[in-house]
Colleague: 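Quick one: the structure is below, questions incoming.
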Amino acid sequence: MSNKKRFYITTPIYYPSAKLHIGHAYTTTLCDIYARNKRLRGYECYFLTGADEHGQKIEKNAKAAGKTPQEFVDGIVEGFHKLWDVLEISNDDFIRTTQDRHVKVVQDIFSKMLKNDDIYLGEYEGWYCKECEAFWTDTQVGDEHLCPDCKRPVEKAKEESYFYKTNKYLDKLLKFYDDNPKFLTPVSRKNEMINTFIKPGLEDLCVSRTSFSWGIQIRENPKHVIYVWLDALTNYITALGYGSDNEEKFKKFWQDPDCEIIHVIGADITRFHAIYWPMFLMSLGLRLPDREFVHGLLMMRDSKMSKSKGNVVDPYPLIERYGVDAVRYYLAREINFGSDGSFSPEQFVERCNADLANSLGNLLNRTVSMIIKYFDGVIPEYKGKVTPFDGEIESFTETVIKSYEDLMDDLKITDALAMVNELSNRANKYIDETTPWALAKDEAKKDELASVMHHLAMSIFVCGMLFKPVLVKSSDRIFDQLGIEESNRAYEKIHEYGCLSGLKVNKGEQLFPRLDAAVEVQFIKDLMGENK
RNA sequence: CGCGGAGUAGAGCAGUGGUAGCUCAUCAGGCCCAUAACCUGGAGGUCGCAGCGUUCAAAUCCUGCCUCCGCAACCA
């Protein structure tokens, strides 16, 4: 955990070979929730996502589509922006590896590595497929020696290539792992890196290609393009202006030790982020990130979401029918961040109903109704702990806030949100404990009734604020119904009992209407079916 | 022996040494402010199997085995 008041968080930059699906939405949404929460709490934030646009596959797909690679990626990246827009992703920047600001700097970095003697010119030997113009490894071609792509026989071939000297920085990397136990989590991922890649002996990494041209050219030797990973990984610093005329952001969000740097990544790209990226940074004499958090994969009905299986979930229709908040909430709350999870229509509907409609939505609805009925719609003054239950709900609320913040800071986003559920459940229980409808019948108990209403309004306010990073639209609807003005929707207010005194509530539409499980499950299943 | 993950109540999951928990479903009761919701309680688990493993104490650590899944090939 960190006390740093500034941070930099990144998603992987996605590969624009096809449309994005709910898996990409998952990763990006979780990063967004983290960023929004921290901003709300006064942290200075830089949140980056982007697109990794080079490589042979793009070149090939573009050709098949009858476009230039640049035209091809432009079209797909437009779709990225649209999805992030619909999902309310609050990224501060969007980097594309074909942008000048990136290309030029990557070339400089390569030159620097050459000069440092971190990279040397050698020869790459592998299995070559003439048809696909691609090299494959032993495991990829299998015992049959067939191209994994076109299934044709491959042959041994050599090509001139540049190599990165991985062993030069290996000891330093291992020491870094030891000194920074939070660097790579969950820890099983670190063990995997060490046992699978490092212990058997790390080979030098081939960092150039001559078999295709859609990439960043090496200035010193223009027939080579730079390996996509060396190209892609550096996006994290080129986006901040590293090596440019203006390094202000880079200084602030990377070089300053008071800035916490977090990369959120998927398991399949852990190797590049956990081994090579730190080494590249060492070559450049730069600091390493504080955390690389490996999230799980979102599976479909017990099998992985994949284009060939045709079981990819498209986020758009879900957002359209249930709202962006429900989709964001489901992703963050249902799947324990860091573990694998699976998307299921039943769980989706259940989450919406149980947490959002029944617990939170209904709590707001019944509270606002009672304030209107008993106090003409005005939230009564706060007069301390009046009923025997007020003290407990106040201290419970504080405990929830504290736990929530600690969990959020440690990227335990799912657990943090569960704390908010506990608070809304506790508030529902508080209603039964205090029985306001009974208090209302006795004029002598008017103060108790007033106190109950105030405590309820406050509990809902806290829930709304803690949910705000997730429920980006509904949280404001909660505040609207409580009559809280825009200027008073500040995070610090959640500790301030009394801040709601005298506000005029507005009965609005149901926050989250209860979903008919049978109908909606069928609807989502049909959506998934359409992809087959 | 390629690498990694998982096996806990009918379903889905949490739980890394100290009385087995959560959501949904189910049953009984309560309440009536509310979105057939909310509150209380019950039933339902030999925590994949084995070791009579380590320990005062194991879902949790160790050893072996079984089953499922992911990666290695589009894909976070």
Side-chain angles (χ1 to χ4, degrees), chain A residues 11-15 17-31 49 57 61 136-142 146-149 151 186-189 191-193 195-197 200 264-271 294-299 302-309 311-312 333-336 339-342 344 346-347 349-351 353-374 414-415 418 421-422 424-425 427-440 449 452-453 456 507 509-515 517:
Chain A
T11 73
I13 50 174
Y14 307 110
Y15 202 61
S17 58
K19 265 171 56 175
L20 297 179
H21 55 67
I22 202 156
H24 302 94
Y26 173 62
T27 311
T28 310
T29 300
L30 272 288
C31 289
T49 185
K57 185 143 290 145
N61 289 5
W136 305 103
T137 62
D138 282 347
T139 51
Q140 284 172 324
V141 299
L146 297 178
C147 169
D149 231 24
K151 311 295 176 201
V187 282
S188 57
R189 297 302 174 186
N191 300 336
E192 186 181 1
M193 288 303 115
N195 293 330
T196 313
F197 301 111
V264 174
I265 57 179
D268 50 340
I269 55 174
T270 309
R271 188 174 125 222
V294 184
H295 68 72
L297 247 37
L298 191 52
M299 248 81 71
D302 303 326
S303 74
K304 189 175 174 182
M305 185 182 311
S306 74
K307 285 162 194 163
S308 52
K309 284 181 191 162
N311 58 357
V312 177
R333 181 67 183 84
E334 183 65 35
I335 299 124
N336 194 15
S339 318
D340 286 350
S342 58
S344 105
E346 289 85 356
Q347 283 166 17
V349 173
E350 186 183 311
R351 262 308 153 198
N353 278 344
D355 300 351
L356 300 179
N358 295 351
S359 184
L360 181 66
N362 184 43
L363 174 67
L364 174 69
N365 194 27
R366 62 201 301 213
T367 299
V368 169
S369 295
M370 285 191 282
I371 291 174
I372 290 170
K373 193 165 180 178
Y374 304 138
T414 311
D415 297 328
N421 298 139
E422 286 199 27
S424 64
N425 291 339
N428 274 314
K429 183 175 173 171
Y430 173 78
I431 296 181
D432 271 53
E433 288 169 339
T434 55
T435 59
W437 50 88
L439 297 175
L449 182 62
V452 170
M453 292 306 119
L456 283 174
K507 178 130 186 169
E509 292 195 354
Q510 288 181 355
L511 203 58
F512 294 98
R514 202 181 148 73
L515 302 175

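Naming convention: chains lettered A, B, ... in sequence-line order (proteins, then strands); numbering from 1 in each chain.
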Colleague: Under 3.5 Å for both donor-acceptor distances, Watson-Crick or wobble: does G4(B) have a partner, and if so which one?
Modeller: C69(B)
Colleague: Could you please name the partner base of G17(B), counting Watson-Crick and G-U wobble pairs only when both distances are under 3.5 Å?
Modeller: none
Colleague: Nearest-nucleotide wise, let me know which of Ile265(A) and Tyr374(A) is further upstream toward the 5' end of RNA chain B.
Modeller: Tyr374(A)
Colleague: In whole Å, what separates the C1' atom of A6(B) from that of U16(B)?
Modeller: 16 Å
Colleague: Determine yes or no for a side-chain-to-main-chain donor-acceptor pair under 3.5 angstrom, with Asn425(A) supplying the side chain and Asn421(A) the backbone.
Modeller: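 Yes; at least one donor-acceptor contact below 3.5 Å.
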Colleague: Just call it for Asn61(A): base, sugar-phosphate, or nothing, with non-hydrogen atoms closer than 4.0 Å on any strand.
Modeller: nothing
Colleague: Given the P atoms of A20(B) and A57(B), what is the spacing between them in whole Å?
Modeller: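 Straight-line distance between the two P atoms is 15 Å.
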Colleague: Rounding to an integer number of angstrom, what distance separates G48(B) and C39(B) when you compare their C1' atoms?
Modeller: 37 Å
Colleague: Under 3.5 Å, is there a donor-acceptor pair between the Thr27(A) and Thr11(A) side chains?
Modeller: no
Colleague: Is there a Watson-Crick or G-U wobble partner for G51(B) with both distances under 3.5 Å, and if so, which one is it?
Modeller: C62(B)
Colleague: Whole angstrom is fine here: how far is it from CG in Asn353(A) over to C1' in A25(B)?
Modeller: 13 Å
Colleague: Which part of the nucleic acid, if any, lies within contact of Leu511(A), taking any heavy atom under 4.0 Å across all strands shown: a base, the sugar-phosphate backbone alone, or nothing?
Modeller: base
Colleague: With a 4.5 Å cut-off on side-chain heavy atoms, are Tyr14(A) and Thr28(A) touching?
Modeller: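 Contact flag for Thr28(A)/Tyr14(A) side chains = yes.
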Colleague: If you measure from the C1' atom in A25(B) to the same atom in C69(B), how many Å do you get, rounded?
Modeller: 26 Å
Colleague: In whole Å, what separates the P atom of C32(B) from that of C27(B)?
Modeller: 23 Å
Colleague: Just to confirm, is there a sub-4.0 Å distance from OP1 or OP2 of U40(B) to any side-chain nitrogen or oxygen of Lys429(A)?
Modeller: yes
Colleague: Provide the Watson-Crick or G-U wobble partner of C22(B), both distances under 3.5 Å; none if there is no partner.
Modeller: G12(B)
Colleague: Once you apply a heavy-atom cut-off of 4.0 Å, does Pro436(A) come out as touching a base, just sugar-phosphate, or nothing?
Modeller: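 Answer is nothing: Pro436(A) stays at 4.0 Å or more from every strand.
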Colleague: Rounded off to whole Å, could you give me the CG-to-P distance for the Asp432(A) and C32(B) pair?
Modeller: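 Result: 10 Å.
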Colleague: Using atom P in both nucleotides, what's the gap between U63(B) and A73(B) to the nearest angstrom?
Modeller: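 Result for the P pair: 30 Å, nearest Å.
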Colleague: For C66(B) and G29(B), measure between their C1' atoms and round to the nearest Å.
Modeller: 45 Å
Colleague: Counting only side-chain nitrogens and oxygens, does Asn362(A) get under 4.0 Å of the OP1 or OP2 atom of C38(B)?
Modeller: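 For Asn362(A), the contact criterion (side-chain N or O under 4.0 Å from OP1 or OP2 of C38(B)) is not met.
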Colleague: For Arg189(A) and Arg333(A), find the nucleotide of RNA chain B closest to each by heavy atoms; which residue's nucleotide sits nearer the 5' end?
Modeller: Arg189(A)
Colleague: Can you tell me the pairing partner of G45(B) across any strand shown, Watson-Crick or G-U wobble, with both distances under 3.5 angstrom?
Modeller: none
Colleague: Would you say the side chains of Arg514(A) and Asn362(A) form a donor-acceptor pair under 3.5 Å?
Modeller: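 There is no such pair (donor and acceptor under 3.5 Å, judged by atom type) between the side chains of Arg514(A) and Asn362(A).
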Colleague: What does Gln510(A) touch in the nucleic acid at a heavy-atom separation under 4.0 angstrom: a base, only the sugar-phosphate, or nothing?
Modeller: base
Colleague: Hey, what are the protein-to-nucleotides 11-13 of chain B N/O distances that come in under 3.5 Å?
Modeller:
from   : atom 1 : to        : atom 2 : distance (Å)
G12(B) : O2'    : Gln347(A) : NE2    : 2.6

Colleague: P atom, U46(B) versus A11(B): distance in rounded Å?
Modeller: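 Those two atoms are separated by 13 Å.
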